[in-house]
There are 2 protein chains.
Amino acid sequence: MSETAPEASKRRGSYAKGLVRRQQILDRAIEVFAERGAERTSLRSIADAIGVSHGALTHYFTSREQLLVEVYRASERRADETSPHPEGTSAVGVMTESARRNRTVPGLVQLYSTLVAAALEEGHPDAREFATQRFSRIRAGLAADIRAQQRSGRVRHDLDAELVASLVIAASDGLQTQWLLDETVDLEGSLGVLERVLTPPDTTPLR
Amino acid sequence: MSETAPEASKRRGSYAKGLVRRQQILDRAIEVFAERGAERTSLRSIADAIGVSHGALTHYFTSREQLLVEVYRASERRADETSPHPEGTSAVGVMTESARRNRTVPGLVQLYSTLVAAALEEGHPDAREFATQRFSRIRAGLAADIRAQQRSGRVRHDLDAELVASLVIAASDGLQTQWLLDETVDLEGSLGVLERVLTPPDTTPLR
DNA sequence: GTCTATAGGGCGATAGAC
DNA sequence: GTCTATCGCCCTATAGAC
């Protein structure tokens, strides 16, 4: 993944102390965002909630946007570590699982939505890079999964894997948004429909 | 739909002049947003671009958020008027058509994304009301379309229309954001895949 | 009724003090 | 290396001019 490492390694000293402190701030920030989402997230409010000063925050993070991006990245990384998805899961299944997990931390979904919205505007390079990278990474991984499932007959073979990958991601993102706004929206139900129609008709005679 | 009419009808006078001016501002604002999207959209910048004063804007719109919501609502209304969709179009077809139209005005899609992101946060009542109403209205309309198409055999009958409606909306929204970030994403292609898998297998023996 | 001028409180970013 | 002080901009609210 290579990350944004060029800037992260600040050469000369600042080894332990600085990086540790930075990580502490990041960890605490994840909790804060998970609770309250993207609202009340001025640098001053975040600093207050974390227990550091406004200036300290800007010392470790060049901009507010960079902080938001890094918080989300760190939370994503942490989530991947705590629950790696088993080999055999279906592509839609992976997204369903991810969506289910996200339901427990609406603030992070909201943060994600904020970042994507920012990425669409010009003049937000950090957010845009984050979103672009994330989509292409997930799209590529999902497309590979789907191709494998097509070979094993669990996904219709007459569909372009790339197109399906984009579709599954879009459905997952869009449904999470709808669900956050209206809890009567059946997120897993709709994802289930998608999974069903993507599987070969022979495999499920009528079911 | 009843709209937000309680406040809109300001009783006593203010008939022509004010409402006309307000509409002029809205019309001009649509153009501005279509061009530049949600960026550079401080009330002062918008006022400048439109050719009115900052104060004039706040006279007609109670808050910045309300202005954004009304601009998007007005643009949506205008789009519906200029290109009403013919009776027979498929549900996915309607969304495809809408997506194709949106491609010519990326700024409005971006504005939409901003509004939805804001709606997910607390403390943005106007945006939330807009998003909630919009989703439930479109969902209901689409579900009705889908049920009709199920009766005429153009959509698989073994799928819950509500679930499909949410899914189609999500796919459309999600794919548009992916496309805005990366033009190599094949929006219409992915929507085509969705349409294909939603149609009954018998109708399309293999094709 | 329509709008201009102005003030208040908060923001992100930055320069310079410990 | 850490953080306080400050700058310019923002939205909102209000007072009063056309």
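Order of the sequence lines fixes the chain letters, A, B, ..., with proteins taken first and strands second; residue numbering starts at 1 for each chain.
- The CD atom of A:Glu188 lies 4.0 Å from the CZ atom of A:Arg100; values are rounded to the nearest 0.5 Å.
- With rounding to whole Å, B:Asp48 atom CG is found 14 Å from C:dT4 atom C1'.
- The OG1 atom of A:Thr62 sits 10.0 Å away from the CG atom of A:Leu67 when rounded to the nearest 0.5 Å.
- Taking atom CG on B:Leu67 and atom C1' on D:dT12, their separation rounds to 14 Å, with Å as the unit.
- Phosphate proximity of D:dC3 to A:His59: absent, as no side-chain N or O sits under 4.0 Å from OP1 or OP2.
- Taking the side chain of B:Ser45 as heavy atoms from C-beta on, and the options C:dG12, D:dC10, C:dT14, the nearest nucleotide is D:dC10.
- Of the side-chain N and O atoms in A:Tyr60, none sit less than 4.0 angstrom from OP1 or OP2 of D:dC3.
- Distance check, rounded to the nearest 0.5 Å: CZ of A:Arg134 to OH of A:Tyr112 gives 4.0 Å.
- Taking atom CD of A:Gln66 as the reference point, atom P of C:dG12 lies 15 Å away to the nearest angstrom.
- Closest to the side chain of A:Leu43, out of D:dT12, D:dC3, C:dG12, is C:dG12.
- The side chain of B:Arg22 contributes no N or O atom lying less than 4.0 Å from OP1 or OP2 of C:dT2.
- Checked against D:dT12, C:dT14, D:dC3, the side chain of B:Thr58 finds its nearest nucleotide in D:dT12.
- Heavy atoms only, all atoms of each residue included: A:Ile30 and A:Leu108 are closest at O-CD2, 4.5 Å.
- Put simply, CG on A:Leu57 is 15 Å from C1' on D:dT4, counting in whole angstrom units.
- Summarising the geometry, the separation between CZ on B:Arg64 and P on D:dT12 is reported as 8 Å, rounded to the nearest angstrom.
- Between A:Arg40 atom CZ and C:dG9 atom C1' the separation is 12 Å, expressed in whole Å.
- In this structure, CZ of A:Phe61 is placed 13 Å from P of D:dC3, rounded to the nearest angstrom.
- Taking CZ of A:Arg101 as the start and OG of A:Ser83 as the end, the distance is 3.5 Å to the nearest 0.5 Å.
- Of all nucleotides listed (D:dG1, D:dT4, C:dC3), D:dT4 comes nearest to the side chain of A:Ser53.
- In the set C:dT6, C:dG12, D:dC10, the nucleotide with an atom closest to the side chain of B:His54 is C:dT6.
- For the pair B:Ile46 CD1 and D:dC10 C1', the computed distance is 12 Å after rounding to whole Å.
- With hydrogens and angles ignored, a donor-acceptor pair closer than 3.5 Å exists between the side chain of A:Arg44 and the base of C:dG12.
- At the heavy-atom level, A:Ser42 lies under 4.0 Å from the strands shown only through sugar-phosphate atoms.
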